[in-house]
Amino acid sequence: MDNKPKIFIAIRESLYRDLFGAEGDRRLRQLGALESAGFDKNLTSRQLAAAVGGVDIVITGWGAPVFTDEALAAANKLKLIAHSAGSIKRLLPPPVFDHGTRVTHAAAALAPPVGETTLLLVLLALRRFHALDRAFKDRGWTAARSFALGEELAGQRIGIIGASLTGRESMRRLRAMDAELWIYDPYLSAGEATALGGTKVDLERLLRECPIVSLHAPSTDETYQIIGADQFAMLGDGAIFINTARAHLIDEAALLAELQSGRIFAALDVFEHEPLPDDSPLRQLENVIITPHISAHTQQARTRQGRYCVDEIERFLRDGSLRYEVTRAKLEIMA
């Protein structure tokens with residue numbers, strides 16, 4: 001047992017059980033000597049610093065503390081940080097990478113349900129079944145039957161902003177439904193866009209010529225409010241705008257103004273202020289679908305998160321390889 005690498009669980013107990021389950025726990029215990037804080041609340045950075053001395057691998061996730069200078073100084077044997085969720089920027093400042101510690105994450109586990117959510121929101125926006133359901137229940141058969149005809153997805157030109165993991169999962173599903181895909185991503189070549197089944201275009205052309213636009217770019221300094229008043233004005237009348245990425249990417253006040261004009265339709269899973277305030281005007285608009293930041297929330301995704309994390313630790317201990325490694329260079333352009 002003494003020769004086994006020490007693996008520290010830096011997430012609360014209930015989340016660990018939810019993500020890893022009995023099978024993940026069993027596999028981790030085969031790989032190393034498992035340690036945890038042993039209580040069901042988020043650790044502080046000070047508590048992390050007190051726990052990581054002599055630890056080889058730290059498992060982080062939602063609610064995990066930031067790796068401060070104090071924590072890094074205490075982590076004298078740390079070789080790998082395995083993040084059981086997606087975005088890691090808040091947790092891992094650049095000095096983490098200067099210490100030679102390697103990093104991996106489970107963002108790929110969360111992308112499929114976001115892709116499904118994107119497809120669902122596109123279909124709802126085109127067919128309005130959510131509104132039909134409300135009208136039928138509140139006002140009856142005739143009211144629901146009086147809605148204008150919906151549209152089919154096949155043949156629709158859909159603009160994807162950001163060929164991220166979630167963007168690619170969304171494209172795969174939309175392509176299977178015979179949609180035409182246009183892609184804006186400054187880091188994607190025309191050949192790569194073609195391989196994804198789409199066409200690379202610039203942002204302005206995408207916004208002006210795609211009746212459906214779905215946002216999948218990461219939150220970086222470069223992408224802050226890349227869609228503002230000028231960009232929303234480029235959308236055609238009746239356009240559908242979907243955001244399952246981050247509110248950081250849009251000027252929410254500008255989007256609200258367009259929605260209040262009734263000119264476009266939107267489906268939003270993320271907001272500038274979360275939870276969305278009770279008095280938010282978005283709650284009163286009929287031309288927007290709002291969901292509480294849950295596009296990645298499925299039981300299958302939770303199970304994958306834990307499994308991907310254990311798989312990465314197993315690969316790392318076997319031969320040093322990582323399938324989902326995050327480098328300092330990648331950190332600059334990812335969520």
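Quick caveat: nothing in here was measured; it's all calculated off a predicted structure.
- Between E180 and Q156, the side chains place no donor N or O within less than 3.5 Å of an acceptor N or O (distance only, hydrogens not considered).
- For Q225, the CD atom counts as densely surrounded, since its 6.0 Å shell holds more than 12 non-hydrogen atoms of other residues, nucleotides or ligands.
- At distances below 3.5 Å, not a single donor-acceptor pair connects side-chain atoms of T101 with backbone N or O atoms of F97.
- Under a hydrophobic clustering in which Ile, Leu, Val, Met, Phe, Trp and Tyr are joined whenever their side-chain heavy atoms come within less than 4.5 Å, directly or via other members, W62 and L165 fall into different clusters.
- If you chain together ILVMFWY residues whose side-chain heavy atoms come under 4.5 Å of each other, I294 ends up in a group of its own.
- Listed for the Q47 side chain is a donor-acceptor partner under 3.5 Å among the backbone atoms of T44.
- The closest side-chain donor-acceptor pair between Q30 and R26 falls under 3.5 angstrom.
- Using a distance-only test at 3.5 Å, with no hydrogens or angles considered, a donor-acceptor pair links the side chain of R263 to the main chain of L235.
- Residues Q305 and S84 have side chains that never bring a donor and an acceptor to within less than 3.5 angstrom of each other.
- Using a 4.5 Å cut-off on side-chain heavy atoms (C-beta onward), R173 and P112 make contact.
- By the rule that hydrophobic residues join a cluster once side-chain heavy atoms approach within less than 4.5 Å of another member, L249 and I161 end up as members of one cluster.
- Judged by distance alone, with hydrogens and angles left aside, the side-chain atoms of R139 form no donor-acceptor pair with the main-chain N or O of R134 at under 3.5 Å.
- Under the side chain to side chain donor-acceptor pair (under 3.5 Å) test applied with S295, the options T118, T244, D269 reduce to a single match, D269.
- In this structure, I81 is not a member of the same hydrophobic cluster as L322, with clusters built from ILVMFWY side-chain heavy atoms closer than 4.5 Å.
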T194/T199 under side chain to side chain contact (heavy atoms under 4.5 Å, CB included): CA gap, chis, key distance, verdict: CA-CA 6 Å; T194 300; T199 301; over 6 Å; no
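- The side-chain heavy atoms of I250 and N243, taken from C-beta on, include a pair separated by under 4.5 Å.
- A donor-acceptor contact closer than 3.5 angstrom links the side chains of S36 and E13.
- Expressed to the nearest 0.5 Å, how far CD of E152 lies from CG of L123 amounts to 11.0 Å.
- With hydrogens and angles disregarded, a donor-acceptor distance shorter than 3.5 Å links the side chain of N287 to the backbone of L259.
- A donor-acceptor pair is defined here as one N or O able to donate and one able to accept, closer than 3.5 Å; such a pair exists between the side chain of R283 and the backbone of L276.
- If you look at F241 and F265, their ring centroids are not closer than 6.0 Å.
- Note: I59 CD1 to I11 CD1 = 7.0 Å, rounded to the nearest 0.5 Å.
- In this structure, the side chain of S170 engages the main chain of T166 through a donor-acceptor pair within 3.5 Å.
- With a 6.0 Å radius and a threshold of 12 heavy atoms from other residues, nucleotides or ligands, R318 has its CZ atom above the threshold.
- Here the CG-CZ distance, from L80 to R102, works out to 7.5 Å after rounding to the nearest 0.5 Å.
- Residues T223 and I226 are in side-chain contact: their nearest non-hydrogen atoms beyond the backbone lie under 4.5 Å apart.
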Derivation and outcome, salt bridge (charged side-chain N to carboxylate O under 4.0 Å, His left out), residues R168 and E192: CA-CA 11 Å; R168 291 170 189 241; E192 288 170 329; 5.8 Å; no
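- Between A64 and A10 the shortest heavy-atom distance is CB-O, 3.6 Å.
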Working for side chain to side chain donor-acceptor pair (under 3.5 Å), residues E312 and T104: CA-CA 7 Å; E312 284 286 79; T104 185; 2.5 Å; yes
Worked check of side chain to side chain contact (heavy atoms under 4.5 Å, CB included) between E116 and L120: CA-CA 6 Å; E116 286 192 359; L120 170 65; over 6 Å; no
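- Around atom NZ of K6, no more than 12 heavy atoms belonging to other residues, nucleotides or ligands sit under 6.0 Å away.
- A donor-acceptor contact shorter than 3.5 Å is absent between the side chain of R29 and the backbone of L34.
- When hydrophobic clusters are built by joining Ile, Leu, Val, Met, Phe, Trp and Tyr residues whose side-chain heavy atoms come closer than 4.5 Å, directly or via intermediates, L317 is not grouped with V58.
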CA sep, side-chain torsions, deciding dist, call: K200, D185, salt bridge (charged side-chain N to carboxylate O under 4.0 Å, His left out): CA-CA 8 Å; K200 180 179 171 69; D185 188 319; over 6 Å; no
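- Side-chain rings of Y224 and H248 approach one another, their centers coming within less than 6.0 Å.
- Between atom CE of residue M171 and atom CG of residue L119 there is a gap of 14.0 Å, rounded to the nearest 0.5 Å.
- Annotation: the span from T60 atom OG1 to L91 atom CG amounts to 5.5 Å, rounded to 0.5 Å.
- Proximity of V122 to L153: side-chain heavy atoms (C-beta onward) are separated by under 4.5 Å at one or more points.
- By the 4.5 Å heavy-atom criterion applied to side chains, L285 and Q260 are counted as neighbours.
- Distance alone, capped at 3.5 Å, places no donor-acceptor pair between the S214 side chain and the I160 backbone.
- Within the 4.5 Å cutoff, the side chain of W182 has heavy atoms near those of the R205 side chain.
- Between the SG atom of C210 and the OH atom of Y184 there is a distance of 14.0 Å, given to the nearest 0.5 Å.
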Trace of the side chain to side chain donor-acceptor pair (under 3.5 Å) decision for S164 with H216: CA-CA 6 Å; S164 60; H216 298 278; 5.0 Å; no
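- Evaluated for a salt bridge (Lys or Arg N to Asp or Glu O under 4.0 Å) with D311, the options R323, R304, R27 yield exactly one hit, R27.
- Side chains of L78 and H99 form no contact here, defined as non-hydrogen atoms less than 4.5 Å apart.
- Among residues two or more places apart in sequence or in another chain, the side chain to side chain donor-acceptor pair (under 3.5 Å) test is passed with D40 by S14.
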Evaluation steps, salt bridge (charged side-chain N to carboxylate O under 4.0 Å, His left out), between R315 and D319: CA-CA 6 Å; R315 277 188 281 266; D319 57 22; over 6 Å; no
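- F20 and G306 make their closest contact through CE2-O, 3.5 Å (heavy atoms, listed as atom of the first residue, atom of the second, distance).
- Residues I9 and E35 fail the side-chain proximity criterion, which asks for heavy atoms closer than 4.5 Å.
- Tracing side-chain contacts under 4.5 Å through hydrophobic residues (I, L, V, M, F, W, Y), one never reaches F8 starting from L15; they form parts of separate clusters.
- Panel note: side chain S146, backbone A143; a donor-acceptor pair is recorded below 3.5 Å.
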